[in-house]
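Step one of this worksheet: look at the structure below.
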Amino acid sequence: MRSPRDFFAPLAIGAPPPLREIPVRPSRMIHFFDPSNPKMVAKVPDIAPSVDVLLGNLEDAIAADRKEAARAGLVEVARTAQLGPTQLWTRVNALDSPWVLDDLTTLVSQVGDRIDVVMLPKVEGAEDIHYADRLLAQLEARAGLDRPILLHAILETARGVANVEEICLASPRMQGLSLGPADLAADRRMKTTRVGGGHPGYLVREDPSDDDVHAHRVTAQQDLWHYTVARMVDACVLAGISPFYGPFGDIADVVACEDQFRNAYLLGCVGAWTLHPKQIDIARRVFSPEPSEVSWAKRVVEAMGDGSGAAMLDGKMQDDATYKQCQVVLDLARHLAERDPELAAAYDL
Ligand code: GLV
Ligand code: MG
C-alpha cells in the first residue's frame, strides 16, 4: 500500500520533486534521428526548428556495434545544439538489454538538464516504470538536477497492452504513450510484416446482391490499430498524460501515412513519430486543427455564451457537450498558435 501523498515525494534523497501536472507542450511530431550518423547529426540545426520534438534514438535501427557511438553522439548534440523551444527526447534501449544502464547513467549524468523525456521501449507493466522511476531519481540526485526527466512508454507487447492502465498510472513521471506497431505485431503474432498502417487482407465487404457471392462487391480496408489506439487514448486520459501514434514505415506512401496519422488524431492522439523529413509536414498538417474547424468552434462558443444553455447553429444542435468539444479544438489551436506564427494567422484567435 502507498499513500497518495507519497507519489509526490522524490524517490531518492536530493532528487527533484515529481511534477503534479505534466506540462502540455506542442508535440505533433517526434522526429527520430540516429545520433551515431554524422550526416544526420549535421542536419540537426536545420531540422530542429521545423519539429516539436527531436528524439535521439539509441534502440532498434541502431546496430549493436553503433550503440556506444549513438550514445556519445546524443551527448554531443545535447551539449551543443541550439534547440530553442524544440524538446529533446531520447529512446533508450530496452530494460533487458545490455546497454540501457549505461544509456541512462551517461545521459542523466552528462546532459540530464537538456533531456526532457526518456522513451522506454517494450514496457510490459508498472514494474518497468517503477524501476526506471527510482533509477532516474537516484541519477538526478547525483547530477543535482532541479527538474525531473519525464518517462514515455512504448506500447509494443501484448502484455503491455493488457496492463496499459497500470503503466500510465505507475508514476507522476509518466508523460505519455506511443504505439509500437512493429514490435506489437510480432509479439501478438499478427500476420503483417509492415510497420504500422493497414493491410489489404484486413477488410469488410458489402453484402452480395442476388445471392451472387462472386459478383463484384465493394470492400474497405479496416484499421488494424484502431483497438489499441483507442485503449491507449482512454488509459492516457485516465492518467492525465498524452497518447501518440508511433511509426509509419512506408516512407514513400505519404497518402496512407496521412490517413493513419489522421485516424490517430481524430481518436485523441496528440502526435506521431516522424522517421523521415517527408513525414514532418504531414504530422504538422494532421495534428493541427483545420482553420475551418477552429472558426466553427469559435462560432459555437460565442453562440453558447457561458455554455450552460442550448442553441441551433446552421441547423446543428449545440449544447453543453458540443461546447466542450469545441473548447478542446480551441485549446489546442491557441496552444499551437503560440508556437507557430503561420497557424496563429490562420486561426485568427
Ligand atoms: C516501434 O518501435 C515499433 O516497434 O513499431
Ligand atoms: Mg519497437
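Any value given below was found using the heavy atoms of this structure, including those in side chains, with hydrogens, waters and symmetry copies removed. We count residues from 1, following the sequence as given. For ligands, and for the atoms within them, numbers begin at 1 and follow the listed sequence.
Of all the heavy atoms of Arg91, the ones lying under 4.0 Å from any atom of ligand 1 belong exclusively to the side chain. Proximity of Pro121 to ligand 1, defined as any heavy-atom pair under 4.0 Å, is not found for any part of the residue.
Atoms of ligand 1 lying under 4.0 Å from any heavy atom of Asp183, numbered from 1 in the order shown and given with element: 3 (C), 4 (O), 5 (O). Those atoms of ligand 1 with a heavy atom of Pro181 less than 4.0 angstrom away are 3 (C), 5 (O). Interface of Glu156 with ligand 1, defined as ligand atoms under 4.0 Å from a residue heavy atom, comprises 1 (C), 2 (O), 3 (C), 4 (O). Close contacts between ligand 1 and Trp273 involve ligand atoms 1 (C), 2 (O) [criterion: under 4.0 Å to a heavy atom].
Around CZ of Arg189, the count of heavy atoms belonging to other residues, nucleotides or ligands within 6.0 Å does not exceed 12.
Glu165 has a carboxylate O that lies under 4.0 Å from a charged side-chain N of Arg231, or vice versa, which qualifies the two as a salt bridge. A salt bridge does not link Asp250 to Arg194: none of the charged side-chain nitrogens sits closer than 4.0 Å to a carboxylate oxygen.
Because the distance cut-off is set at 2.8 Å, Asp183 qualifies as a neighbour of the Mg ion (ligand 2) through one of its N, O or S atoms.
Nearest N, O or S atom of Glu156 to the Mg ion (ligand 2): atom OE1.
Looking only at atom types and distance, the side chain of Arg339 has a donor-acceptor partner in the side chain of Thr86 under 3.5 Å away. A donor and an acceptor atom, one from each side chain of Glu127 and Tyr131, are nowhere located under 3.5 Å apart.
Counting only heavy atoms of the protein, atom 5 (O) of ligand 1 lies nearest to Ala182 N, 2.8 Å.
Look at Gly246 and you'll find every heavy atom at least 4.0 Å from all atoms of ligand 1.
Judged by a 6.0 Å distance limit and a 45° cone about the ring axis, Arg2 is positioned over the six-membered ring of Phe7.
A heavy-atom distance below 4.5 Å is found between the side chains of Leu107 and Leu58.
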